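As the structure is a prediction and not an experimental result, all values here were calculated from the model.
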Amino acid sequence: MGEQKFALKPLVEAVEHALVEAVDSGEDGDMRVSTPGGVFHVRWDDRGGATAMGQLPFFAEYLNATGLFEDWVKGCPLSYVSPNAPRRVDVLGTWMLSILDGHHRYAHVGMLRGDGVAPSILGMKKIIGDDSLRRALSAIAPAPDKKHTGEEKAAQEAQVERATKWMQSQLMHSAAEALRTAWVLDCDTTIKPLYGHQAGAELGYNPHKPGRPSHAIHTYWIGNLRLVLDAQLESDKRHAPSHSRPGLVALLEGLAPDSRPQLVRGDVAFGSEGEMAALEALKQPYLFKLRQSPGVMKLLNRQWNLDEWVDVGQGWTGREDTLRLMGWSQLRRVIVIRRPRKMDIDAQGKAKVKKRGRKSNVQKQAELALIDQNEATKNWEYAVLVCDTPYKLENMGQLYRDRADCRMWQTRGFDEIKNQWGWGGYSTHDIERCALSARAVALIYKWWSWYVRLANPKNRMEAITSRPKLLSAVGRMTSHSGQNKILLTVMHESVDQIKQLVANVRSGIRHISAAAPQLVDSQRWVAMVRFIVARILAAQPKFTPTPAVLPSG
């Protein structure tokens, strides 16, 4: 069948004719524009001597002083044969600028192509296109194909292994010095929904969008600092902690004894025999929450009417016991903690818990005999923890609340890194580049987090706040007599505060350069982390919780 021709309406023809005439006219001179504020003459500037990331020079100075960007580029396992191929610094510089600017897709790189200032600041020749970036990342972490031979697939797997070790070493290097201070390792998993036909896009656990294929990102955080030590991307059917166990064990084994965490914390998904036995084999203390299994409910019923509940702070009381559930290899220490929760009793005798929003019936709680019969207006909120720690019972409540607080800031952390940093984006058909991008976003996010804490050690600022203050500005570059000058125009209302934050950054860089001029850049990063951590600790209240951990923020 041939195509059927439709006659265009006169109005459509007139509009298309006007658009063609407007494109052909090509207004290269001043354009007289009438606005509510009067008439303005507007001209296109094709010289490309401006940038929207006007404060990038300060961040680049921080990267140059610490050698972070240079080491990242040098260690990249990317090699091209063609002399026309882009340089590694152009590939990784484009990638970093895209991530730093909050992009979610490779196509967003096109928004940076007209920036004539940012590439020269990072020592780049140009910002490459999104197709070139995809091909470069495919060379760094190639995906196997059915048509490839066994030898080719083995070479590709070896290249992916090199790329993984490269990113993991950079992630560890950027946080290794901070691990010498007592810290807690928090393990959690986030879901990355997918909307195409990507490898590993399977139906699994997706609480926010049930039925949507997704990837699972197993994440290891430095507790309360919101810094990512590693991110392991898997298909959604591999969201359980058992699939990330080898990565967790390898992470802990790769740490020096004095750098290992004081505690490994996780939610109910980690309270299983496999995870606990693996950590016990490493002699690594842990604190996990247990599911409400029948064996746990028997423990609760046994403990409920006993006296001598110990105050563990903020309204919580606790008791200590031992427990061996079916499938466990040994007895383990468990902590039962509870606190009263107000509730009403309706005319039918059904208990309604007072919550924010809608009220919910809790007949199952009444059937479990967890309501205090002596005070009908109360029932109990409870949790059962399993641990392998020497801490006293009085301290376990604080550790549990820290986990709850960390779960809250992890939710904010996941929200920030997925929505403000593009962790939920940069998707390709192959899972290898998706995993590489997940670690790259975590790395740039960590660099920026340290930079922001150098500028403001008292409080942590999310990207939605820190980018407008520490990255965004109109910058125009001029060159004269061999000098490059960038004129900044800050659009933010807090100009004085921004100048003070930048002054803090430059003061820290000068301090490190003056105190350790003999050190190479990689060693200066160690000194920089010590300096930042010392300023963070000095800015915190004098009270130190037990056990000591890095301050929240």
Side-chain angles (χ1 to χ4, degrees), residues 95 98-99 102-109 130-131 133-148 153 156-157 159-161 163-164 167-168 187-221 228 230-248 266-270 272 274-275 291 407 410-445:
W95 202 14
S98 176
I99 295 171
H103 296 173
H104 289 72
R105 300 181 179 180
Y106 292 102
H108 295 167
V109 172
D130 57 305
D131 288 335
L133 181 57
R134 289 191 192 93
R135 287 193 295 268
L137 299 184
S138 180
I140 297 175
D145 195 278
K146 293 181 180 179
K147 64 181 181 181
H148 294 156
K153 290 182 179 179
Q156 291 168 346
E157 291 177 357
Q159 176 65 17
V160 171
E161 183 67 21
T164 300
M167 290 302 306
Q168 287 179 333
C187 307
D188 211 340
T189 304
T190 186
I191 301 300
K192 172 187 173 182
L194 299 172
Y195 300 90
H197 301 282
Q198 291 85 0
E202 298 176 336
L203 294 178
Y205 175 73
N206 195 339
H208 298 294
K209 294 187 177 181
R212 168 65 60 184
S214 54
H215 285 159
I217 305 178
H218 301 280
T219 313
Y220 309 108
W221 300 85
V228 179
D230 195 14
Q232 180 181 342
L233 187 140
E234 301 279 357
S235 65
D236 197 21
K237 287 186 177 180
R238 296 173 61 85
H239 68 273
S242 58
H243 299 291
S244 65
R245 188 188 308 154
L248 174 60
D267 57 15
V268 292
F270 289 85
S272 61
E275 277 60 51
R291 299 182 186 275
R407 189 68 184 91
Q410 280 179 15
T411 302
R412 295 199 303 265
F414 280 133
D415 173 74
E416 179 187 3
I417 200 171
K418 289 172 69 175
N419 299 323
Q420 302 175 32
W421 284 94
W423 217 17
Y426 290 105
S427 297
T428 53
H429 286 291
D430 55 282
I431 198 171
E432 286 77 12
R433 280 181 291 178
C434 292
L436 188 68
S437 296
R439 287 191 169 99
V441 172
L443 179 64
I444 306 305
Y445 163 81

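Although no hydrogens or angles enter the test, the distance criterion places a donor-acceptor pair under 3.5 Å between the side chain of H104 and the main chain of N419. Put simply, the side chain of H218 never gets that close to the backbone of L248: no donor and acceptor are under 3.5 Å apart. Side chain of E202 to main chain of P213: no donor-acceptor pair is present (N/O by atom type, distance under 3.5 Å, no hydrogens or angles). Judged by distance alone, the side chain of K192 and the main-chain N or O of K418 form no donor-acceptor pair under 3.5 Å. A donor-acceptor pair under 3.5 Å is formed between the side chain of T219 and the backbone N or O of I217.
Listed by chain and residue number, W72, M96, I99, L100, W421, W447 satisfy the side chain to side chain contact (heavy atoms under 4.5 Å, CB included) test with I444 (two or more places apart in sequence, or in another chain). S98 meets the side-chain hydrogen bond (donor to acceptor under 3.5 Å, both in side chains) test with H103, Y426; sequence neighbours excluded. Qualifying salt bridge (Lys or Arg N to Asp or Glu O under 4.0 Å) partners for R134, counting only residues two or more places apart in sequence or in other chains: D130, D131. Shown here are the salt bridge (Lys or Arg N to Asp or Glu O under 4.0 Å) partners of E432, two or more places apart in sequence or in another chain: there are none. With sequence neighbours left out, S214 forms a side-chain hydrogen bond (donor to acceptor under 3.5 Å, both in side chains) with D236. With sequence neighbours left out, the side-chain hydrogen bond (donor to acceptor under 3.5 Å, both in side chains) criterion links Q232 to E234.
P241 and F270 get closest at one heavy-atom pair: CB-CE2, 3.6 Å. When all heavy atoms of I191 and A216 are compared, the closest pair comes out as CD1-CB, 4.1 Å. Between K153 and P144, the closest heavy-atom pair is CG-CB, 4.4 Å. The minimum heavy-atom distance between D430 and A143, with the atom names listed, is CB-CB, 3.4 Å. Shortest non-hydrogen contact noted between I417 and A442 is CD1-CA, 4.2 Å. Taking all atoms of both residues into account, the shortest heavy-atom contact from W423 to A438 is NE1-O, 2.9 Å.
By the 6.0 Å contact criterion, CZ on R105 is open, its count of non-hydrogen atoms from other residues, nucleotides or ligands being 12 or less.
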- Query: Going through the checks in order, is the side chain to side chain contact (heavy atoms under 4.5 Å, CB included) test met by W221 and V228?
  - Reply: CA-CA 5 Å; W221 300 85; V228 179; 3.8 Å; yes

- Task: In sequence, state the C-alpha distance, the side-chain angles, and the governing distance for S427 and Q198, and then conclude on side-chain hydrogen bond (donor to acceptor under 3.5 Å, both in side chains).
- Result: CA-CA 8 Å; S427 297; Q198 291 85 0; 4.7 Å; no

- Just do the side chain to side chain contact (heavy atoms under 4.5 Å, CB included) check on R439 and T164 with the steps written out, would you? CA-CA 9 Å; R439 287 191 169 99; T164 300; 3.7 Å; yes

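Residue S138 holds its OG atom at 10.0 Å from CD of Q159, rounded to the nearest 0.5 Å. Taking OG of S437 as the start and CG of L133 as the end, the distance is 8.0 Å to the nearest 0.5 Å. Between atom CG of residue L203 and atom CZ of residue R212 there is a gap of 9.5 Å, rounded to the nearest 0.5 Å. We find the CE-CG distance between M167 and L436 to be 6.0 Å, quoted to the nearest 0.5 Å. A distance of 10.5 Å separates CZ of R433 from CZ of R135, quoted to the nearest 0.5 Å.
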